[in-house]
Amino acid sequence: MKKASEAFSELEFNTLLERLKKLTPEAEKEAHFEPSYKESSFEQISTELKKAKKVALNFIRESDEINSILLSFGDSVHVLEAAELEKIKPYLEDKKLKKLTFDSKPLIFALRFDEIRLAGVSFDVQLGAYLLQPTRTNYTASDLGFRYLKLYIGEGQDSFRQAIIDCYLAYHLEEPLTKKLTEGKLEKVYNELELPLSPVLAAMEYRGIGINKEELKTYSNELAQMINKLEEEIYRLAGEEFNINSPSQLSSILFEKLKLKPVKKTKTGYSTDSTVLAKLINEHPIIENMINYRELAKIKSTYVDALPKMVNPKTKRLHTTFNQTVTATGRLSSSNPNLQNIPIRTDIGKRIRKAFVPARATDLLLVADYSQIELRVLAHLSKDETLTKAFEEHKDVHQATAAEVFGLPVNKVSEEARRKAKAVNFGIVYGISSFGLAQQLQIDAKEAATYIEMYFNRYPKVKSFIDRTVSDAYKKEFVKTLYGRCRQLPELKSNDVRIRNFGERSAINSVIQGSAADIIKQAMINVENALFTDDLMSRMVLQVHDELIFEAMALEKSALSSLVKKQMESAYVLHPSLEVNISTGPNWLEAK
DNA sequence: CGATCACGC
DNA sequence: GCGTGATCG
């Protein structure tokens, strides 16, 4: 039984493991873990606190307000009233006293409201567990307690008990998790990247970004009118009213009533997605209206109407949450609201960006973005001379790729050829399949395959890097990034060729995307430190995968520009080197 | 709550 | 390839 459960753990069949745990007779018999705690005063623990080298820390919070302070020196968890925070403050700010946490960022965030800067966080359960198994979807006390301490902790505890358990685990998971991190050679990425990044993210979240609510209100009304007109026109052309937002209803209108030819199927019926609509554009006038409707409806519901509702009434700003333990590759994600998918491509979408503004009208937004970081990482890892040279000579990389692949002089590269080369470059970074490239370029898979072949002819070391990465991944069942971040690939053991192919593409993508993520994380840490060292007032407020966004004091514009450029470009010594473009403006649209 | 769709890198 | 979120049924 034990063996089976271990096997499941390795394969990360999360739900199966859960079920097994519940069914195990030992689990039934064994007393469920009961956290021991006692209500203490500062005076009662002060002696122990003074001589302690490390302490596990947690809070019981209601939203951002701290209600109780939880401390543990290994055995019982001490519960102190929030009123004692002032007395504990020097210990929290003492970087020599090691703080062990279950999830440090919310703690750092909450303490900012009491003007306490938590220092000396040396262990964070969430970050450690994430680095060990980045493809898990959550890292609950119950899972981690069982996995690393063989404790049976029930799910769905009330928030008081949960906070106690988390504090207990913060203390007792340090040893086993640290050991595993060392075994996996993950100490560097843990200690030098993830752990120091966490307070940087907390600070960015705390600062938030300014948003012009009135601008969005006005826009919402304009969009409502436009959507209304499109709606009427769509009903008229369909000959009836229906729910335009329902893909199934739209499908029956298009493919049954109007007898349009279905382009592709989904699990449940005929697809009506934007690529399908684009192909049907000349078949019926309703299509163009639908395309426009989709875009407007999306922009209105997801951004224009949603964002103003999320403005914090106290700060009047938008505060995203940067999730540090979500992606399989090491990227951050952003939620509530997601500020990493604000529209940019279309004019309609761009107007959203115009509403993102600095706190004071005299300030500026500064955007610093890495130029082609993923392709540069690819050039670095593959050591391909042609690709490396393109960057060293500051060429337009897609144009250069087109010239290579199609055997043209650079000045003879058409828009069309460049577009194709760009798609091939994207495909390479994503772990290409001829099917995917064909779909992207609307060509048949055979033609796509010849493009890939032509590409590999001109960039042979990219080809061998990809082959090496994939065969390595099969051997080890994981891949690693520049900083040693790891991703397990259980898909490569599948008997299903489609799942194995997915695993192969993930292997390539994870190395490239994950290495780029490592670099920008390093840059964020370095930039944040440099801003304080140089005494600048400007602040980093957002990260969008390959770019950093700052609220810049107008007077600091040039100092900030050079600081950010220098720190980002020197975050990692890459060959070809990293290049950063900087622009500024009164809002996010004009700073791009 | 899964499926579909659409936004970003 | 990697995400988050709105909407539907």
Side-chain angles (χ1 to χ4, degrees), chain A residues 134-135 137 242-252 264-278 290-291 293-307 309-310 320-346 348-350 352-353 367 369-375 377-378 423 425-433 435-437 439-440 466 469 479 481 487 489 491 501-517 520 542-549 588 592:
Chain A
T135 45
T137 50
F242 65 102
N243 188 342
I244 309 178
N245 293 317
S246 162
S248 80
Q249 289 186 37
L250 177 64
S251 160
S252 67
K264 96 183 149 175
K265 283 183 185 170
T266 65
K267 275 183 193 171
T268 53
Y270 296 127
S271 172
T272 65
D273 72 23
S274 59
T275 63
V276 169
L277 296 180
M290 265 311 304
I291 292 171
Y293 176 91
R294 279 257 174 91
E295 186 190 359
L296 265 49
K298 167 77 179 178
I299 298 288
K300 184 168 186 291
S301 70
T302 309
Y303 305 103
V304 178
D305 291 345
L307 292 176
K309 291 182 193 157
M310 311 201 67
T320 186
T321 300
F322 286 109
N323 311 299
Q324 208 179 344
T325 61
V326 165
T327 70
T329 55
R331 271 191 180 178
L332 299 176
S333 78
S334 157
S335 56
N336 299 309
N338 182 354
L339 297 184
Q340 290 182 326
N341 73 342
I342 302 301
I344 179 109
R345 276 182 15 260
T346 67
I348 291 181
K350 276 180 180 162
I352 315 282
R353 292 204 168 213
V367 174
D369 70 304
Y370 279 115
S371 160
Q372 302 292 348
I373 188 168
E374 292 184 337
L375 284 174
V377 165
L378 175 64
N425 278 331
F426 267 96
I428 297 287
V429 168
Y430 290 165
I432 204 155
S433 74
F435 176 77
L437 183 65
Q439 217 175 22
Q440 178 69 34
I466 288 174
T469 302
V479 289
T481 65
R487 173 174 179 178
L489 293 157
E491 296 89 350
N501 284 338
F502 172 76
E504 293 183 12
R505 292 197 295 277
S506 308
I508 299 156
N509 178 244
S510 293
V511 174
I512 299 172
Q513 188 182 106
S515 297
I520 196 162
L542 291 179
Q543 187 250 43
V544 189
H545 307 309
D546 63 354
E547 69 184 55
L548 299 175
I549 294 122
W588 199 358
K592 264 302 262 184

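Keep in mind that the numbers below use all heavy atoms, side chains included, and drop hydrogens, waters and symmetry copies. Residue numbering restarts at 1 for every chain, and letters A, B, ... go by the order of the sequence lines.
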Starting at the 5' end of DNA chain C, which residue's closest nucleotide do you reach first, A:Gln513 or A:Pro337?
-> A:Gln513
Rounded to the nearest Å, what distance is computed from the CD atom of residue A:Glu504 to the C1' atom of nucleotide C:dC2?
-> 18 Å
Would you confirm whether A:Ser335, through its side chain, and A:Asn338, through its main-chain N or O, come within 3.5 Å as a donor-acceptor pair?
-> no
Taking the side chain of A:Thr302 as its heavy atoms from C-beta onward, which of B:dC9, C:dC2, C:dA6 lies nearest to it?
-> C:dA6
Nearest to side-chain heavy atoms of A:Thr327, which nucleotide of B:dT4, C:dC8, C:dG3 = C:dG3
With respect to the phosphate group of C:dC2, does any side-chain polar atom (N or O) of A:Ser333 fall under 4.0 Å of OP1 or OP2?
-> no
Could you tell me whether the side chains of A:Asn509 and A:Thr329 share a donor-acceptor contact shorter than 3.5 Å?
-> no
In whole angstroms, the gap separating C1' of B:dA6 from CD1 of A:Ile352 amounts to 13 Å
Base, sugar-phosphate, or nothing: which does A:Val326 touch, judged by heavy atoms less than 4.0 Å apart?
-> sugar-phosphate
For A:Ser510, report the nucleic acid contact type (base, sugar-phosphate, nothing); a contact means any heavy atom under 4.0 Å.
-> nothing
Residue A:Tyr303, side-chain heavy atoms: nucleotide from B:dC9, B:dC7, B:dC5 that is nearest | B:dC7
Reckon A:Lys298 touches a base, only the sugar-phosphate, or nothing at all at heavy-atom distances under 4.0 Å?
-> base
Using whole Å, report how far NZ of A:Lys309 lies from C1' of C:dA6.
-> 11 Å
Taking the side chain of A:Pro343 as heavy atoms from C-beta outward, which of B:dC9, C:dT7, B:dC7 is closest to it?
-> B:dC7
With respect to the phosphate group of C:dT4, does any side-chain polar atom (N or O) of A:Ser335 fall under 4.0 Å of OP1 or OP2?
-> no
May I ask you to say what A:Arg505 touches in the nucleic acid, namely base, sugar-phosphate or nothing, with a heavy-atom cut-off under 4.0 Å?
-> sugar-phosphate
At under 4.0 Å, does any side-chain N or O of A:Gln340 touch on OP1 or OP2 of C:dC2?
-> no
Can you tell me if A:Gln340 uses its side chain to pair, donor with acceptor, with the backbone of A:Gln543 under 3.5 Å?
-> yes
Write down the distance between CD1 (A:Ile342) and P (C:dG5), rounded to a whole number of angstrom.
-> 11 Å
Under 4.0 angstrom, heavy atoms only, what part of the nucleic acid is A:Ile508 near: base, sugar-phosphate, or nothing?
-> nothing
Nearest-Å distance, CG (A:Leu296) to P (C:dT7)?
-> 14 Å
Candidate nucleotides C:dG3, B:dC9, B:dC7, ranked by approach to the side chain of A:Tyr430 - the nearest = B:dC9
Would you indicate whether the side-chain heavy atoms of A:Ile466 and A:Ile428 approach each other to under 4.5 Å?
-> yes
Across the strands shown, which category fits A:Glu374 at heavy-atom distances under 4.0 angstrom: base, sugar-phosphate, nothing?
-> nothing
Would A:Leu332 and A:Gln324 satisfy side chain to side chain contact (heavy atoms under 4.5 Å, CB included), going step by step from the backbone distance to the final call?
-> CA-CA 5 Å; A:Leu332 299 176; A:Gln324 208 179 344; 4.0 Å; yes
When you measure from the side chain of A:Ser506, which nucleotide among B:dA6, C:dG1, C:dT4 comes out closest?
-> C:dG1
Are any non-hydrogen side-chain atoms of A:Leu542 and A:Phe322 less than 4.5 angstrom apart?
-> yes
Per atom distances to the A:Asp546 side chain, the nearest of B:dC9, C:dT4, C:dC2 is B:dC9
Do A:Glu295 and A:Thr346 have side-chain N/O donor and acceptor atoms under 3.5 Å apart?
-> yes
Report the nucleotide, chosen from B:dG8, B:dA3, C:dG1, that has the shortest atom-to-atom distance to any side-chain atom of A:Lys267.
-> B:dA3
Where the side chain of A:Arg345 is concerned, which of B:dC7, C:dT4, B:dA3 is the nearest nucleotide?
-> B:dC7
Under 4.0 angstrom between A:Ser246 side-chain N/O and C:dT7 OP1 or OP2 = no
Give the rounded distance in Å between these two atoms: CG of A:Asn243 and C1' of B:dC5.
-> 14 Å
Distance in angstrom units between A:Arg294 CZ and C:dG5 P, rounded | 21 Å
Expressed in angstrom and rounded to an integer, what is the separation of A:Leu250 atom CG from B:dA3 atom P?
-> 20 Å
Ignoring backbone atoms, test whether A:Asn336 places a side-chain nitrogen or oxygen under 4.0 Å from the OP1 or OP2 oxygen of C:dG5.
-> yes
Could you say whether A:Arg331 or A:Ser334 is positioned toward the 5' end of DNA chain C, judged by the nucleotide with the nearest heavy atom to each?
-> A:Arg331
Counting any heavy atom closer than 4.0 Å, what does A:Phe502 reach on the DNA or RNA strands: base, sugar-phosphate only, or nothing?
-> sugar-phosphate
Distance check: side-chain N/O of A:Thr329 vs OP1/OP2 of C:dG1, anything under 4.0 Å?
-> no
